[in-house]
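Order of the sequence lines fixes the chain letters, A, B, ..., with proteins taken first and strands second; residue numbering starts at 1 for each chain. Keep in mind the model is a prediction, meaning the values are calculated, not measured.
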Amino acid sequence: MHIVDSISSLFLFRSVPERNLQELCILAPPILFPAGATIFEQGAKADVGFLLITGQLDVFVQGNTGERRMVGEIRAGEVLGEQALFSKACIRTASVTAVKDSQCLLLSDDLFQRGSENPAIIAIEQHLLGTLARRIRRTNQAIQKEWRAEDIAQAGTRELSFGQRLRSLFGSGR
Amino acid sequence: MINAALMKQARTLLDNHHFPGMSLDDLTKVLMAGEVRAYGNGAPLCREGEPGEHLYFLLTGRVKVLHSDSAGRQRHLSNIDAPALVGHMALVDGSMRSATCLVEGSAQAVTLSRENYGTLLHESGTRGTTLRRLLISSLCSQLAAANSHIQNMLNPPEITEEVEATSNDNDAPQAQRAGAPKPNQRGDSFSEKDVLAIAAKLGGWSSDLNEIEELELVADDRLQQVKKKRRP
């Protein structure tokens, strides 16, 4: 399948004319990452983002103990590493590798400046707004879940804490 | 015609954001599409659960962000200091307000109505581009802050004497006062005398502090035991 066909099949570009997608591919020729290739490494300095056109990527995070955990997967149509373009002095917070042969568009500062009026770039920006809002809501839900867990733990403690149980059995030293 | 006062405010907004093609003139034009308003202490910019009708470019002052927990209590989530965007999430994804934002002290903001926001957002010119990219930049910072918040909840940083001496942040974990009984993970606190009394009754040991070299009470979900070492 031709690359423009792959791009035009992505939902975010559903209303973008083909000539604008062709122009996008000229401004940012897609890059092929073979299966197993590293897209970027945690801790590396970042100055570009990516839009996955075909394939699949895995996201890994390495903790302080050195343990490497997979924390998510990225599918066609998703943007990754966008913080590099929209934050100051960005450092990658995760590593990303290709699960299978994957094609990506390189989202650079230059692309956004030269293509700012291209409907395909506007579509990427609007897609990013929705994606980020969703991620923030998901993170806020996780915070609320933690609050609930804390409340349950505190309620349990209020009912009969370990200290209270000990004191009821053995009395207080005061 | 460019408004000089708004241009000055736009500069401070730009200093706190980063995006491709940042332009002072273009951001000033975005601000000019809104209306400058002053807010007094406690004034609500938005209330949780209500539909989003405005987006705010906070130019001066501070906003307190409150969020209801499952029991309906208002929790202080964070503070937003100018220059910053406030109340944009509900306009971006069309959802209800996820938090209540109250002004602390006094504040000044440019308010952009939902209608103007919608018009600008779909513009292909420089105003639309600037608004979209400023919003993305703001959401990126917000996401990074939310991720950091949840990481701190899951792995709270260790409390140090230095934190206790300097922290005035309402969000900071409650500092442990020197000399006070140290709470364990479940919030129980034990004085030395408590521990000695419990240990003595458990093992029939003397509760005389001089006879005991080390006494440790371990309160753990899996293991609840009293350890004691005697002096040789």
* Gap between atom CZ of A:Phe112 and atom CD1 of B:Ile136 - 0.5 Å precision -> 6.5 Å

* Structure fact -> If you tally heavy-atom pairs under 4.5 Å between each of B:His122, B:Met22, B:Met89 and chain A, the highest tally belongs to B:Met89

* If you count heavy-atom pairs under 4.5 Å with chain A, which of B:Leu135, B:Thr126, B:Leu134 comes out on top? -> B:Leu135

* To do: Side chain from CB out, backbone as N, CA, C, O: work out which of these in B:Ser68 comes under 4.5 Å of a heavy atom of chain A, or both, or neither.
  => backbone

* To do: Give a yes or no on whether B:Arg47 atom CZ has more than 12 heavy-atom contacts from other residues, nucleotides or ligands under 6.0 Å away.
  => no

* **Which atom of B:Val92 lies closest to which atom of A:Leu129, heavy atoms considered** => CG1-O, 3.6 Å

* Can you find a heavy atom in the side chain of A:Ile122 that is under 4.5 Å from one in the side chain of B:Arg132? -> yes

* Enter the distance from A:Lys88:NZ to B:Cys140:SG here, rounded to the nearest 0.5 Å. => 13.5 Å

* **A:Gln83 side, atom CD; B:His18 side, atom NE2 - distance, nearest 0.5 Å** => 11.0 Å

* For atom CZ of A:Arg69, decide whether the heavy atoms of other residues, nucleotides or ligands shown that lie under 6.0 angstrom number more than 12. => no

* Which atoms of A:Ile121 approach chain B - backbone, side chain, both or neither, heavy atom under 4.5 Å -> side chain

* Asked: Is there a donor-acceptor pair under 3.5 Å between the side chain of A:Glu125 and the backbone N or O of B:Arg133?
  -> no

* To do: Taking all heavy atoms of A:Leu85 and all of B:Pro20, pick out the closest pair and write down the distance.
  => O-CD, 3.6 Å

* Of the non-hydrogen atoms in B:Ser137 and A:Phe86, which two are nearest, and what is the gap between them? -> OG-O, 3.2 Å

* Asked: When B:Leu139 is tested against each of A:Thr131, A:Ile136, A:Leu128 for side chain to side chain contact (heavy atoms under 4.5 Å, CB included), which residue passes?
  -> A:Ile136

* Sort out for me which of B:His17, B:His67, B:Gln142 touches chain A most, counting heavy-atom pairs under 4.5 Å. => B:His67

* Asked: So, for B:Ser98 and A:Arg137, which heavy atoms are closest and what is the spacing to 0.1 Å?
  -> CB-NH1, 3.3 Å

* Against chain B, work out which of A:Arg135, A:Gln126, A:Arg134 has the most heavy-atom pairs shorter than 4.5 Å and name it. => A:Gln126

* Would you say A:Gln62 has more than 12 foreign heavy atoms packed within less than 6.0 Å of its CD? -> yes

